[in-house]
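What follows is a short report on a single structure.
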Amino acid sequence: MTSATLQSSTTSVKTPKAYQALIERVRDAHLLGATGGILSWDQETMMPAGGVELRSQQLAILARLQHQMSTDPKVGEFISQCEADRAFMASDSVESANIVELRRDFDQATKLPERLISEFAEVSSKAQHEWATARKASDFKMFLPWLEKLVALNREKAACLGIPSGGEPWDALADTYEPGCTAASVTKVFTPLRARLVKLLGDLMGGSRRPSNRFNELALPIEAQAKFVRMVVESIGFDFQRGRLDSSTHPFCGGSHCNDVRMTTRYSETCLNDALGSSMHEAGHGMYEQGLPSRAIGTPAGTAVSLGIHESQSRLWENQVGRGLPFWKWCTPKLENFFGKSSDGFSLDELYGAANIVEPGFIRVDADEATYNMHVMVRFEIERLLIAGSLAPKDLPGEWNRRYKEYLGLTVPDDRRGCLQDVHWSMGAFGYFPTYTLGTLYSAQFFDAAKKAMPGLEDGFAKGDFVPLREWLNREVHSHGRRFLPEELCKRVTGSPLSSEHYLNYLEGKLRPLYNC
Ligand code: ZN
């Protein structure tokens with residue numbers, strides 16, 4: 001491809017000589033680092049407890065080697081040589097888009113001094129351990145010195161990365177997870193979202209009807225649940241020839257590359273919807289990975305755009321599909337094959353209702369679709385203040401609890417169920433949380449575009465035909481890799497920039513009838 005002539009939208013342009021050498025280096029670094037994906041998966045699913053100590057050292061060595069390889073000055077030189085070829089860079093080709101993204105990666109990696117990287121790794125590794133202990137004891141004061149260190153390190157990291165003009169330090173951190181994301185752009189989307197969600201939640205809680213929760217309390221054998229969810233994820237299009245589904249305490253989707261995707265789910269004795277929701281969610285991530293072009297493995301063109309776009313794929317299958325009436329029309333008659341008489345006596349309406357129960361709670365990861373984003377907003381607003389230096393870490397619990405009262409009407413009973421519940425900050429990950437909500441909003445906007453492009457799409461779901469949706473996502477989203485920035489991709493796929501309207505209309509259209517409000 002590289003020594004040949006490129007297909008460009010306007011003209012035919014040759015790739016610079018340095019391109020091939022650059023891609024070889026970048027690909028090697030990526031493949032080496034991606035080996036860690038298999039080791040991490042193994043750690044969560046198969047590894048005996050005795051392996052922990054050396055496994056973390058193995059992972060650290062891989063990360064260090066990958067960092068060294070990708071920050072090698074030779075990589076920078078090759079990028080500059082490609083950039084110097086103006087005709088090539090203007091060619092609107094996959095190759096020139098790769099150079100733009102490789103420049104971004106290289107600059108980001110080399111802007112951080114070696115000393116900061118190792119201090120960050122050491123502090124966050126210890127802080128995670130201290131956080132787990134503090135959470136168990138529900139003792140914020142125990143975690144406070146670590147939080148102070150992590151906030152200081154993140155402020156330093158933001159300064160090294162460089163604050164965009166007119167922006168704030170939080171932007172520099174968020175950009176590493178969601179390219180182009182700023183606190184101002186998030187606020188613009190979150191503010192109208194919050195106002196309508198608060199109103200919707202109030203209406204739902206005061207509604208004259210409530211779906212029955214009986215199905216979510218039904219005990220069903222885990223073995224049968226495992227067979228059932230495997231059938232579902234296979235039906236929606238996860239390719240078991242190029243991936244696995246196992247179980248772990250916290251479901252995740254990892255692995256090494258598009259032809260070896262490792263995802264996990266979790267089972268609860270009494271709630272099939274728990275395993276079903278997590279499996280469909282992770283399968284959405286998994287199908288994104290499987291849909292990336294395998295010829296581009298290790299290059300930006302073979303890599304997912306951002307955390308937000310990744311999350312849009314998981315949420316779309318979990319919520320727009322998996323909590324929808326057409327899906328349950330297909331699913332309901334199948335339950336008997338897996339669970340025999342136990343699932344008798346549940347009507348379609350009851351099963352659909354049970355998948356859509358709304359109940360404000362303290363814990364983000366257990367939240368329903370209507371309340372989930374408020375959990376994210378609280379975290380976004382707080383981390384923005386922490387990174388700006390306008391909220392002292394010692395004042396975190398007070399700020400947290402005040403917002404939970406205001407947004408969800410809940411009095412947080414202790415820090416374990418409050419500001420100590422998430423692992424993210426203890427890992428040093430600030431600027432990460434909004435990607436969950438951005439993904440949720442993208443999912444609704446993408447789904448509206450898919451329905452517009454394929455009338456009758458949901459009628460197919462009721463018959464178990466999920467192929468058109470998966471193929472559409474593959475074509476419109478997955479196959480581009482990182483060729484477009486998230487906001488640009490959204491405009492290409494849906495015709496307009498990200499807006500909370502699609503999500504709110506979807507949510508209100510579904511929940512108001514269920515709660516009769
Ligand atoms: Zn996810």
Side-chain angles (χ1 to χ4, degrees), residues 37 40-41 44-45 174 176-179 181 186 229 232-233 236-238 243-256 258 261-268 273-292 303-324 355 363-377 379-380 421-425 427 429-447 469-470 473-474 477-478 482 486 489-490 498 503 506-507:
S40 304
W41 167 85
E44 300 300 318
T45 54
T176 63
Y177 304 111
E178 194 70 16
C181 175
V186 170
V229 298
V232 171
V233 299
I236 62 175
F238 182 78
R244 290 184 58 91
L245 172 64
D246 294 273
S247 66
S248 65
T249 320
H250 302 288
F252 67 90
C253 180
S256 182
C258 61
V261 176
R262 310 287 176 98
M263 59 175 188
T264 67
T265 190
R266 65 168 176 209
Y267 300 97
S268 141
N273 275 325
D274 214 16
L276 182 63
S278 347
S279 306
M280 289 184 80
H281 181 100
E282 300 308 333
H285 284 305
M287 289 189 282
Y288 186 2
E289 288 295 320
Q290 289 182 336
L292 292 166
T303 317
V305 188
S306 68
L307 291 183
I309 299 295
H310 228 304
E311 195 67 6
S312 77
Q313 302 303 291
S314 56
R315 301 255 165 209
L316 194 152
W317 288 102
E318 177 192 3
N319 297 328
Q320 271 82 12
V321 177
R323 293 183 207 270
I363 308 296
R364 175 185 60 86
V365 294
D366 295 336
D368 55 74
E369 281 183 278
T371 54
Y372 184 84
N373 297 296
M374 313 252 241
H375 292 269
V376 174
M377 286 168 197
R379 288 152 178 79
F380 161 64
Q421 65 179 270
D422 300 298
V423 71
H424 304 61
W425 290 338
M427 290 162 54
F430 288 78
Y432 187 117
F433 279 118
T435 65
Y436 290 126
T437 291
L438 295 174
T440 304
L441 302 179
Y442 281 127
S443 74
Q445 196 158 331
F446 288 158
F447 193 58
L469 177 61
R470 186 177 49 78
L473 289 169
N474 188 250
V477 180
H478 310 166
R482 266 167 71 188
L489 181 72
C490 180
L498 180 66
Y503 180 67
Y506 149 75
L507 205 59

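No hydrogens, no waters, no symmetry mates; every other heavy atom, side chains included, goes into these values. Counting convention: from 1, in listed order, for ligands and their atoms alike.
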* Asked: Out of the N/O/S atoms in Glu311, what is the name of the one closest to the Zn ion (ligand 1)?
  ->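 Relative to the Zn ion (ligand 1), the closest nitrogen, oxygen or sulfur of Glu311 carries the name OE1.
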* Asked: What N/O/S atom of His285 is the closest to the Zn ion (ligand 1)?
  ->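 For His285, the N/O/S atom sitting closest to the Zn ion (ligand 1) is NE2.
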* Ring geometry between His310 and His285 (parallel below 30°, tilted from 30 to 60°, perpendicular above 60°) ->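 The arrangement is tilted - the two ring planes meet at 30° to 60°.
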* Asked: Think Arg364 forms a cation-pi with Tyr436, using NZ or CZ under 6.0 Å from the six-ring centre and within 45 degrees of its axis?
  ->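 Geometry flag: set, cation within 6.0 Å and 45°.
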* Heteroatom test (N, O or S) for His310 near the Zn ion (ligand 1), limit 2.8 Å ->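 So His310 does not count as coordinating the Zn ion (ligand 1).
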* So, for Thr440 and Arg315, which heavy atoms are closest and what is the spacing to 0.1 Å? ->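 Heavy-atom minimum between the residues: OG1-CD, 3.3 Å.
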* Taking NZ, NE, NH1 and NH2 as the nitrogens, is one of them in Asp274 or Arg266 under 4.0 Å from a carboxylate oxygen of the other? ->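 A salt bridge is present here (some side-chain N lies under 4.0 Å from a carboxylate O).
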